[in-house]
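Data block below; observations after.
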Amino acid sequence: MCGIVGYIGKKSALPILMEGLKRMEYRGYDSAGIALISNGKLIIRKQKGKVADLENKLLDGEPLPEAHIGMGHTRWATHGEPNDINAHPHIDCRNEIAVVHNGIIENYLALKTKLLQRGHHFVSTTDTEIVAHLIEEIYKSTPNLFEAVRLAMKQVTGTYGLVVLSSHEPDKIVVARMGSPLILGIGEGENIVAADAAAIIEHTRQVVYLGDGEVAELTADNVTIKTLNDVKITKVVDELTFDLEQIEKGGFPHFMLKEIHEQSESIENALRGRLLEEEGNVRLGGLDNVVEKIEHAPRLIFAACGTSWHAALIGEYMLEQYAQIPVEVEYASEFRYRNPILKKDDVVVLISQSGETADTLAALREAKAKGATVIGICNVVGSSIARESDGGVYIHAGPEIGVASTKAFTSQLTVLALLTILLARRKGMTREQGLELVHELKLLPEKVKAILSDTKQIEYIAGEFKEMKNFLYLGRGYNFPVALEGALKLKEISYIHAEGYPAAEMKHGPIALIDEKMPVVCIAPFDRTYDKIMSNIQEVKARRGRVIAIVNDGEKNIGQLADYLISVPPTLDLFSPILSVIPLQLLAYYIAVARGANVDQPRNLAKSVTVE
Ligand code: F6R
């Protein structure tokens, strides 16, 4: 969702801002803009469309004067359609204060009414524009940008990651955060602020994560942070741990394909240092202070969105089967608003790649407010969910840039498997059973490699089915959530309607849809539901449905029924989704590419959904 970058220092600001915006394109957006201050004047350029469109606009126009301070923004529309006027930055009446914003100002109508009465003039239909005018209004009596922003944001309700420039104070950038991430990159003689570490890493590894309700002033040499209540605070400086090449495509045509192919390594990274091979057990240091609570919790509640929610469903199956702990899985967006009953010993587990998803973060806060222990399973180090949890486990998948989540999903499953072993061993699983699980987990990276070593059959099938309008995905047991995930992958990048179902549910309705135009993807590994899903495949074939079956190497029976087979190595039931999802990721990818879709920037989607 919206990208934000701001720079102040000795270098020319514009190239840094443009590069930063490009690095954040993957987050999803529909317009882009920049603001610079040069010779005491604000210069704004903005444009509907891509960063490249903005770049062309800059090249076509008069060259911009040199500037050493500026900010850039990519907007993902919430209030007001994507057009040049609604693009950020937004300015006050006198073109002296400029604002870029990620989030939603909830009381913007009330504030706008007051500002209109005070004679302010608005040009856009955004909620953000009121912030520029509100600061302008306060600045009249408080001519200090830092202070004016702080006072303005005290009047605002909603969420924001905000960056503000004033031509009256061309030596500073003021930023504020409530619910939308902002990271301050601390350089030498320069400072940079961004919504995403990807825009900072080229300039510095030293970062400060701004917290909710904090306001900061950045000059070239200094950073001052205060709370909205005017209390000065000192924060720890963290270090970014990933490399530039991890956020580049490395020879692949799309980030999504690159990340699919990284899965052997990312699963290995999720396991690294965590397996106690002799003991048939695992170590998860981030849970040390809460593991007893989890072990004795009457139930665990998983809350997540999208792909992470699918991972949670699989986690439920794992934990209930092996650790005998009751688990409930909730959509974070429902959990946060439905006043859920939480008992004091309940443990709420938030699963989020980004660690910034607005609904999941709100679910965390709701659970905390009700006294529950909260655990985060996140990818992005230092993200809000990671920081606000009582304990947690990083999945260590490395930066995931592809909008369609792939490697984060398999790494989430790997961590859930580790959590299952940890808890199961504490609750009576024998060493022998633990050894079997740990041993099989260790084999997964090689098995993933084997699947990825030859993807031609999947590419071929994609070509055969690329014109289809609908797809059905069926799975049972551990692979039912994989059916949901396969369908989600296909719809989000290829725009083909797809639905996932527990295979047995087909008879209760969806079977009416089946004919020769309905491809059905059946996930049918050798597991305890094997015979059952084979019957479901028969039912599909009896109605002339075309079946693509994901099976295990060595499969003999399904080949006689299904139209196409994709084979993956066998593994234990609980780990099977980690392997069976990979062909589905590839199928979605190759179908989308065959249809000419822009896989890395699918329409309407944002990578990190920081508004509700
Ligand atoms: C789908 C996808 C989304 C995310 C969802 C949650 O490919 O990426 O469904 O899984 O927006 O995001 P996180 O995991 O960052 O909370």
Side-chain angles (χ1 to χ4, degrees), residues 1 26-28 76 179-181 195-198 254-257 259-260 263 266 302-315 329-336 348-365 374-386 388-389 392-413 415-416 473 481-482 484-495 498 500 581-582 584-589 592 597 599-612:
M1 215 148 252
Y26 78 96
R27 295 164 65 92
W76 188 85
S180 252
D196 193 316
H254 296 101
F255 283 113
M256 183 179 175
L257 189 62
E259 288 160 7
I260 289 173
Q263 289 178 105
S266 51
F302 283 127
C305 304
T307 289
S308 299
W309 185 80
H310 297 155
L313 286 178
I314 296 168
V329 179
E330 298 260 4
Y331 285 112
S333 55
E334 291 297 314
F335 179 82
R336 65 180 288 194
V348 178
V349 182
L350 295 309
I351 306 184
S352 174
Q353 185 284 128
S354 60
E356 300 293 350
T357 298
D359 283 322
T360 313
L361 182 57
L364 177 151
R365 290 175 180 161
V374 295
I375 310 296
I377 298 181
C378 297
N379 189 31
V380 178
V381 176
S383 55
S384 301
I385 293 174
E388 293 187 29
S389 296
V393 190
Y394 281 119
I395 64 170
H396 294 313
E400 188 179 67
I401 309 287
V403 172
S405 185
T406 53
K407 64 174 179 172
F409 181 67
T410 47
S411 295
Q412 286 167 341
L413 296 183
V415 162
L416 287 165
Y473 286 71
V482 177
L484 299 180
E485 176 61 7
L488 177 63
K489 288 290 88 92
L490 185 70
K491 59 191 147 194
E492 67 184 328
I493 55 168
S494 74
Y495 320 135
V581 76
I582 293 175
L584 305 189
Q585 297 167 344
L586 286 163
L587 186 66
Y589 172 80
V599 175
D600 279 338
Q601 286 172 33
R603 70 182 181 208
N604 302 340
L605 288 179
K607 179 63 183 162
S608 176
V609 184
T610 51
V611 297
E612 52 176 301

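Whatever order the structure lists them in is the order used to number ligands and atoms, beginning at 1. Here, residue 1 is the first one in the sequence, and each next residue gets the next number.
Closest heavy-atom contact between A303 and A363: CB-CB, 4.2 Å.
Near A404, the atoms of ligand 1 lying under 4.0 angstrom from a non-hydrogen atom of the residue are 7 (O). Applying the 4.0 Å criterion to heavy atoms of S352 picks out, from ligand 1, the atoms 13 (P), 14 (O), 15 (O), 16 (O). Interface atoms of ligand 1 facing S308, defined by a heavy-atom separation under 4.0 Å, are 10 (O), 13 (P), 14 (O).
The protein heavy atom nearest to atom 16 (O) of ligand 1 is T357 OG1, 2.5 Å. What sits closest to atom 7 (O) of ligand 1 on the protein, heavy atoms only, is E492 OE2, 2.5 Å. Among all protein heavy atoms, the one lying closest to atom 11 (O) of ligand 1 is V609 CG2, 4.1 Å. Counting protein heavy atoms only, atom 6 (C) of ligand 1 is closest to C305 O, 3.3 Å. Looking from atom 15 (O) of ligand 1 to the surrounding protein, the closest heavy atom is S354 OG, 2.7 Å.
Using cut-offs of 30° and 60° on the angle between ring planes, the pair W309 and Y331 is parallel.
Residues E400 and K407 are not paired through a salt bridge, judged by the lack of any N-O separation under 4.0 Å between the basic side chain and the carboxylate.
Considering backbone and side-chain N/O of K489, one or more are found under 3.5 Å from N/O of ligand 1.
To the nearest 0.5 Å, atom CD1 of residue I377 and atom CD1 of residue I385 are 11.0 Å apart.
Proximity of a side-chain donor or acceptor of D600 to a complementary backbone N or O of M256 within less than 3.5 Å is detected.
Side-chain polar atoms of E356 and S384 form a donor-acceptor pair below 3.5 angstrom. Judged purely by distance below 3.5 Å, without hydrogens or angles, the side chains of T406 and Q263 never pair a donor atom with an acceptor atom.
Checked against I395 for a side chain to side chain contact (heavy atoms under 4.5 Å, CB included), the options V415, V380, L416, T410 give a single hit: V415.
With a 4.0 Å cut-off on non-hydrogen atoms, E356 does not touch ligand 1 at all.
The residue among I493, T360, T406, T307 with a heavy atom at the shortest distance from atom 4 (C) of ligand 1 is T307.
Under a 4.0 Å heavy-atom criterion, V403 is in contact with ligand 1.
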